[in-house]
Each structure stands twice: as structure tokens, then as C-alpha cells.
Amino acid sequence: MGHFSSLVLYSVLVSIVFALLTKDTQKERALYFLKMFAAFVGLSILSAWFMYLFPFW
Amino acid sequence: MQESLVYENRTKIAVAFILGWLIPGAGHIYLKKTARGVIFFLCIMALFSMGIFLQGALVGLDFADFFGFLKWFAEVGSGLVYLVAVGAGIGAGEITSFTYDYGNIFLYTAGLLNMLIMLDTFDISVGRKN
């Protein structure tokens, strides 16, 4: 398992649990899952590129 | 106005809570939320299994090390599977592996999410949530 596949798997599983815990209808859950998954992956990639600017730290 | 909760069936609340700790999702199944319980079980087991697969370490209880205690507290939330894995000597962890930290995060998350799931069974038991 590589870094990115681990991140994607982690994001999927955690997003599913939070969607089921916090929302009541199927539509709300699906939307929440998508938003949370996108936030996990998107922010991780953004953070990675941000760290790329500081290679010696 | 303060919300009034129904604590009439304390046995049901306690059984759901303890079942939910021992087997992730079992508390929901006991409360007849079967589909939700099965999905919780699969997600927590997947997180825990991946944690072991990625060379994460299962830690024992150690009061001398505060952060070690926090790690143990997070991992023990997974319930029976944690106890069985520790008993079987699984999860020694391989610190030189590049996935070691990933594995640990998977293991901590499995336990902590299961604690949230247990709190959810409490909310359902007292009628605060459907």
C-alpha cells in the first residue's frame, strides 16, 4: 500500500462512519460523505504541495 | 429549557453500550438498526485490519508513559478484536516500515470511531436520536 492509496482508503472509511453518525437521510449522508471525502483528499494534496515549497525544513 | 431524557430501560442502554464496545456495530444491531450496525462493523474492522497490515503497533497499558496511555486508550476502543489480537501476539509493529505511522493512525482511528459509535447507541437508546 502506498501513501495515496492509504489516504484514500482511510478517507473512505472515516467518511462513511461520520456520514452515518451525523446525518439522518440517505441524501444528506451521501452529500456529507462526498464533502468529507473530498476535504480529506483535497486538503492532504494541498498540504503536500505546500510542504514542497520548503524542501529543507 | 433542558432536554429531558428517558432513562427507563437502563439495562437496554448498558447492554447496547457494552455490546457496541465489544463488537463494533453490535450495539446498533441490538437496537434493531441492523444495516447501520453492519456498516459500522465492516468499517471499524477494515480500519483495524489495515492498521495491522500496515505494520502498526498495538500497545499495552502503561501508566508511566502518558502518551502511551493515550495510545492504549485509543486502541482499546476497538473492543474484543484488540484484546484477541494482543492475546495472540499480533500487532508487534515494525517501526522501520514506512507504513508504521499510517498503521498506527488506522488503529487509533478504529478505536476512537468505535467510541463515537458507542455514544450513538446511547443516544438511540434514550430516544434522543432515531
Side-chain angles (χ1 to χ4, degrees), chain A, chain B residues 16 20 24-25 27-29 31 33-56 74 77-79 94 97-125 127-130:
Chain A
M1 288 276 290
H3 297 273
F4 188 71
S5 48
S6 300
L7 164 70
V8 169
L9 182 64
Y10 181 87
S11 308
V12 166
L13 294 171
V14 174
S15 302
I16 289 172
V17 173
F18 270 106
L20 284 175
L21 283 176
T22 56
K23 300 296 174 189
D24 293 323
T25 67
Q26 296 292 349
K27 193 180 172 185
E28 282 177 334
R29 284 172 179 164
L31 198 62
Y32 190 86
F33 167 79
L34 289 173
K35 279 182 189 173
M36 193 166 176
F37 176 73
F40 260 126
V41 177
L43 291 173
S44 299
I45 292 172
L46 273 178
S47 307
W49 274 105
F50 182 73
M51 287 189 280
Y52 178 75
L53 299 173
F54 307 100
F56 303 111
W57 289 0
Chain B
H28 282 77
I29 294 171
L31 295 171
K33 309 290 179 194
T34 310
R36 223 182 298 174
V38 170
I39 295 171
F40 285 146
F41 176 80
L42 293 175
C43 286
I44 300 300
M45 287 300 110
L47 281 166
F48 191 89
S49 309
M50 283 309 300
I52 299 294
F53 177 72
L54 293 172
Q55 310 287 344
S78 298
E94 179 55 62
S97 168
F98 84 96
T99 59
Y100 174 75
D101 284 326
Y102 290 97
N104 285 336
I105 297 302
F106 272 78
L107 290 171
Y108 304 150
T109 306
L112 293 171
L113 275 183
N114 195 37
M115 289 181 200
L116 283 179
I117 293 168
M118 288 161 63
L119 291 175
D120 195 55
T121 63
F122 178 80
D123 283 344
I124 294 169
S125 303
R128 190 190 282 164
K129 191 180 170 190
N130 182 18

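Naming convention: chains lettered A, B, ... in sequence-line order (proteins, then strands); numbering from 1 in each chain.
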Original post:
Any donor and acceptor pair, going by atom type alone, linking the side chain of B/K129 with main-chain N or O of A/L21 inside 3.5 Å?
Top reply: yes

Subject >> Interatomic spacing from OH in B/Y102 to CG in A/L7 - rounded to 0.5 Å >> reply: 8.0 Å

**OP:** Might you point out which heavy atoms bring B/A46 and A/L13 nearest each other, and give the distance in Å?
**Re:** CB-CD1, 3.8 Å

Original post:
Above 12 or not: heavy atoms from other molecules or residues under 6.0 Å from CZ of A/F4?
Top reply: no

**OP:** Sort out for me which of B/I117, B/I44, B/L42, B/L119 touches chain A most, counting heavy-atom pairs under 4.5 Å.
**Re:** B/I117

**OP:** Below 4.5 Å from any heavy atom of chain A, which atoms of B/L54 appear? Answer side chain, backbone, both or neither.
**Re:** side chain

Subject >> Heavy-atom contact with chain B under 4.5 Å, split by part of A/V12 >> reply: neither

Subject >> Test item: A/H3 and B/T99 side chains (from C-beta on) under 4.5 Å apart, heavy atoms >> reply: no

Original post:
Just how far is it from atom CD1 of A/I16 to atom CG of B/L113, taken to the nearest 0.5 Å?
Top reply: 11.0 Å

Original post:
Does any heavy atom of chain B fall under 4.5 Å from the side chain of A/L20, the backbone, both, or neither of them?
Top reply: both

Subject >> Mutual orientation of the aromatic rings belonging to B/F106 and A/Y10 [parallel < 30°, tilted 30-60°, perpendicular > 60°] >> reply: perpendicular

Original post:
When you look at CZ of B/F41, are more than 12 heavy atoms from neighbouring residues, nucleotides or ligands closer to it than 6.0 Å?
Top reply: no

